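It should be emphasised that the depicted structure is a prediction, and the values quoted were computed from it without experimental measurement.
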Amino acid sequence: MEKEKIDKIYRENAQTIYKYLCSLTQNSELAEELTQETFFQAIKGIDKFRGDCKISVWLCSIAKKLWYKELEKRNRHKIEPLDNMIPSKESIENKSLNNLEKVEIFRLMHNLDAITKEVMYLRLAGELQFSEIAAIMGKTENWARVTYYRGKQKIMKGMKEWKEI
């Protein structure tokens, strides 16, 4: 592939891939590293791109696979962070309540269908715009907004029911 075409693909998609990986990894340095690896793998396998989807969607699938490989590698070499050993000044009751709420929100998100869950993660954790989510998912911006809104409504309904218990 010509160098100009590769440069153009990188310029047009690097920020989207980086934001997508930030939403998955929650770590800007790792996201930057995986973004570079994504484009390296894409250049190596560009002949495998069939053109039946946007190139940004194809790049995101490569990025997601690289993230999964990174997770597997980290799980094999899991190290407990020091933060867990340092006592907190926050009251145990407040910490427990906040943690229970977080757990409940993630439990509710986990129960969403895979597409809605991914849209929610991209919007909340990745802080992506609806237009960027639409590009990644190969859908319209309006579809991304509606999917996010419906997921948010399900979570809010579940939280309301949880707090009433």
Side-chain angles (χ1 to χ4, degrees), residues 1-81 83 102-159:
M1 183 172 242
E2 297 173 16
K3 185 180 181 334
E4 294 82 29
K5 286 183 181 179
I6 293 170
D7 287 342
K8 183 181 179 203
I9 291 170
Y10 181 81
R11 280 192 313 276
E12 291 176 352
N13 296 287
Q15 187 175 10
T16 300
I17 301 305
Y18 172 75
K19 286 182 178 181
Y20 176 65
L21 285 165
C22 276
S23 73
L24 295 175
T25 65
Q26 301 296 303
N27 180 324
S28 60
E29 291 173 2
L30 179 59
E32 191 172 318
E33 186 179 315
L34 290 174
T35 299
Q36 296 304 317
E37 182 64 22
T38 297
F39 282 95
F40 176 71
Q41 294 297 326
I43 290 169
K44 282 180 26 180
I46 194 69
D47 56 325
K48 295 177 186 169
F49 180 62
R50 296 184 307 260
D52 55 350
C53 65
K54 290 184 177 181
I55 196 146
S56 61
V57 174
W58 181 66
L59 291 168
C60 283
S61 71
I62 294 170
K64 188 190 294 189
K65 288 176 186 170
L66 289 171
W67 169 236
Y68 287 157
K69 283 182 182 178
E70 180 68 23
L71 284 176
E72 288 174 16
K73 185 172 88 175
R74 287 175 181 231
N75 282 337
R76 285 190 299 256
H77 301 59
K78 197 160 189 157
I79 299 172
E80 188 68 28
D83 296 0
K102 274 193 235 177
V103 167
E104 183 60 18
I105 289 170
F106 281 106
R107 186 188 68 75
L108 291 167
M109 279 182 70
H110 182 72
N111 290 331
L112 296 173
D113 63 279
I115 300 295
T116 304
K117 187 183 341 180
E118 187 165 359
V119 169
M120 298 293 290
Y121 278 121
L122 291 172
R123 181 70 177 162
L124 298 173
E127 299 178 359
L128 296 179
Q129 297 175 1
F130 289 112
S131 59
E132 295 168 318
I133 294 169
I136 289 169
M137 304 294 286
K139 302 283 186 174
T140 65
E141 185 175 340
N142 191 50
W143 173 89
R145 288 179 188 276
V146 169
T147 303
Y148 174 78
Y149 177 77
R150 289 178 180 163
K152 187 171 117 179
Q153 292 300 105
K154 289 176 184 175
I155 290 172
M156 289 172 57
K157 181 181 177 194
M159 284 302 291

query: So, does T147 use its side chain to make a donor-acceptor pair with the main chain of A144 at under 3.5 Å?
result: no
- request: To the nearest 0.5 Å, tell me how far L66 CG sits from Q36 CD.
  value: 12.0 Å
query: Going by atom types alone, do E37 and Q41 pair a side-chain donor with an acceptor below 3.5 Å?
result: yes
message: Does either side chain, that of T116 or that of D113, offer a donor lying less than 3.5 Å from an acceptor on the other one?
response: yes
More than 12 heavy atoms of other groups within 6.0 Å of K117 NZ: yes
task: Taking all heavy atoms of E29 and all of N27, pick out the closest pair and write down the distance.
output: N-OD1, 3.0 Å
field: E70, CD: over 12 other non-hydrogen atoms inside 6.0 angstrom
entry: yes
Heavy-atom closest contact (V57 atom, G138 atom, distance): CG2-N, 4.0 Å
- request: Please report the closest heavy-atom contact between A31 and T25, naming both atoms and the distance.
  value: CB-OG1, 3.9 Å
message: We want to know whether Q153 and Y148 form a side-chain donor-acceptor pair, criterion being a heavy-atom distance below 3.5 angstrom.
response: no
query: Which pair of non-hydrogen atoms, one from A135 and one from K54, has the smallest distance, and what is that distance?
result: O-CD, 4.5 Å
- request: Check whether more than 12 heavy atoms from other residues, nucleotides or ligands sit under 6.0 Å from atom CD of Q15, and answer yes or no.
  value: no
- prompt: Quick one: does NZ or CZ of K139 land under 6.0 Å from the six-membered ring centre of W143, within 45 degrees of the ring axis?
  reply: yes
- line: Exactly one candidate in L21, I136, T35 meets side-chain contact (heavy atoms from CB on, under 4.5 Å) with T16; the answer is I136
